[in-house]
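The figures that follow rest on heavy atoms only: side chains count, while hydrogens, waters and symmetry mates do not. Not measured: the values here are computed from a predicted model. Counting convention: from 1, in listed order, for ligands and their atoms alike.
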Amino acid sequence: MTVSLPVAARGEQYAARDACNLCCSTEVRVVALRDRDGQALRTVMCTGCGLVRCDPMPEPATLDRYYRERYRIDYKQRTEPSRRHILRAGRVAIDRLARLPRVPVPETGVCRALDIGAGGGEFAYLLGRATGMAVTGIEPNEGYAGHARRTLGLDLLVSPLHEALPGGEPFDLITMFHVLEHLCDPGAALARLATWLAPGGLAVVEVPNVEATCQAPGHLFHAAHLYNFNAAALERLGHKAGLEPVDRWFSADRGNVSVTLRRPAAHLQPAGGLSAEDALGAALAMPGNAARVWQVRSAHTPWRHHATLQPAVRALRRLGNRAGETWALRRMPADPRAMLDRLFEQWQVAG
Ligand SMILES: [Zn+2]
């Protein structure tokens with residue numbers, strides 16, 4: 001994933017080879033030159049709209065192979081989720097269920113849902129369990145998808161998003177948690193997603209927030225995150241795909257942003273369908289947003305970050321969470337499905 005780069009300095013502006021995925025401008029400004037592991041990664045911000053991306057982009061075929069075979073091994077050191085990962089993902093899934101929007105019920109009476117980037121299947125399984133929806137998943141990684149099918153009995157497509165063809169009726173709900181930032185064409189991904197939604201159907205999309213200040217400034221950019229969004233850029237990309245934003249949400253530490261997008265009953269003319277590229281750029285540009293993102297990222301300096309209690313609070317919270325997980329795992333069933341069922345029952349009792 002690492003690329004060799006020409007020398008550039010933070011703040012430098014130049015015309016990139018590739019046009020911005022959102023507003024089509026090529027003008028960019030350098031935000032960072034290293035990823036959170038200290039490796040070379042040039043991160044730039046489009047001066048037209050504030051969308052942040054890495055430059056250059058990796059080749060799509062390289063990415064497909066990486067997510068199919070390597071990603072989970074590199075970041076989790078495993079080909080299938082551990083019990084700890086299942087517990088952690090199950091708890092996150094319960095939090096996501098708790099703030100799920102109300103989904104319009106189709107005439108058939110059974111909602112259809114699609115979870116894109118299903119991972120080990122924890123959210124897809126619990127969504128079906130909690131709502132009775134018929135849930136399908138898409139997951140590019142063979143090991144995690146195999147685990148989800150085998151242990152949770154999930155209906156999963158093993159495929160990168162841009163090749164996936166989920167059949168049947170349109171979906172009433174599509175969820176996509178921490179996927180969009182990994183894709184080299186997030187606009188095309190949302191446009192594809194929009195075609196799978198029923199009129200009035202909802203998409204919930206969550207990504208890391210580029211305006212986050214909860215982690216040290218040098219820890220923000222990640223070689224696998226090709227794009228970094230704030231709420232406005234994410235919603236505008238949804239608009240470009242013909243989806244209207246209906247809600248936005250931030251995690252307590254503002255490290256993640258999630259938006260709910262709706263496919264209108266009468267499908268909006270996607271802005272991408274405009275013929276004149278200049279008109280498209282003018283319609284989608286958000287120069288005020290670029291100024292805002294630049295200001296937030298420039299103000300969050302290492303000195304300012306470490307002058308607050310945030311690093312200590314974050315480290316303590318992480319330690320506490322890990323100890324809590326170890327304690328909880330002793331009481332949890334060994335079987336992944338039984339563990340998720342237990343989490344669901346605990347949530348029902350608490351709620
Ligand atoms: Zn742009």
Side-chain angles (χ1 to χ4, degrees), residues 3 5 8-33 41-58 60 63 161-162 176 179-194 203 205-212 220-245 248 257-259 261 268-300:
V3 292
L5 301 171
R10 186 176 187 280
E12 188 178 302
Q13 289 189 220
Y14 66 96
R17 184 194 62 182
D18 301 321
C20 171
N21 197 254
L22 174 53
C23 78
C24 303
S25 166
T26 54
E27 194 66 26
V28 296
R29 190 169 191 185
V30 178
V31 178
L33 292 162
L41 178 76
R42 184 167 52 192
T43 301
V44 300
M45 181 194 72
C46 170
T47 56
C49 70
L51 182 61
V52 173
R53 68 181 196 263
C54 71
D55 183 49
M57 283 281 156
L63 275 181
L161 175 57
H162 65 93
M176 188 157 69
V179 171
L180 204 63
E181 69 272 21
H182 294 269
L183 307 178
C184 40
D185 192 345
L190 285 181
R192 192 167 173 78
L193 175 159
V205 181
E206 182 174 303
V207 294
N209 178 13
V210 76
E211 295 184 10
L220 186 65
F221 299 113
H222 182 331
H225 293 178
L226 308 183
Y227 283 88
N228 297 268
F229 307 85
N230 69 350
L234 184 56
E235 287 176 347
R236 187 61 70 99
L237 203 61
H239 171 76
K240 185 179 179 183
L243 301 170
E244 55 187 16
R248 63 165 74 165
V257 55
S258 167
V259 299
L261 306 165
L268 284 181
Q269 173 64 35
L274 295 177
S275 54
E277 198 166 282
D278 288 349
L280 172 62
L284 294 166
M286 297 187 291
N289 195 52
R292 173 192 166 117
V293 171
W294 183 259
Q295 198 277 331
V296 170
R297 293 279 32 108
S298 300
H300 187 220

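Contact of the N209 side chain with the N230 side chain is registered, since non-hydrogen atoms from C-beta on lie closer than 4.5 Å.
Around the Zn ion (ligand 1), protein N, O or S atoms at less than 2.8 Å number 4.
One finds the CG atom of L180 at 11.0 Å from the CG atom of N228 (value rounded to the nearest 0.5 Å).
Taking both residues in full, the closest heavy atoms of R292 and E211 are given as NE-OE2, 2.7 Å, listed atom of the first, atom of the second, then distance. R53 and A16 get closest at one heavy-atom pair: NH2-CB, 3.4 Å.
Heavy atoms from other residues, nucleotides or ligands lying under 6.0 Å from CZ of R29 number more than 12.
Applying the side chain to side chain donor-acceptor pair (under 3.5 Å) criterion to E235, with sequence neighbours excluded, gives R248.
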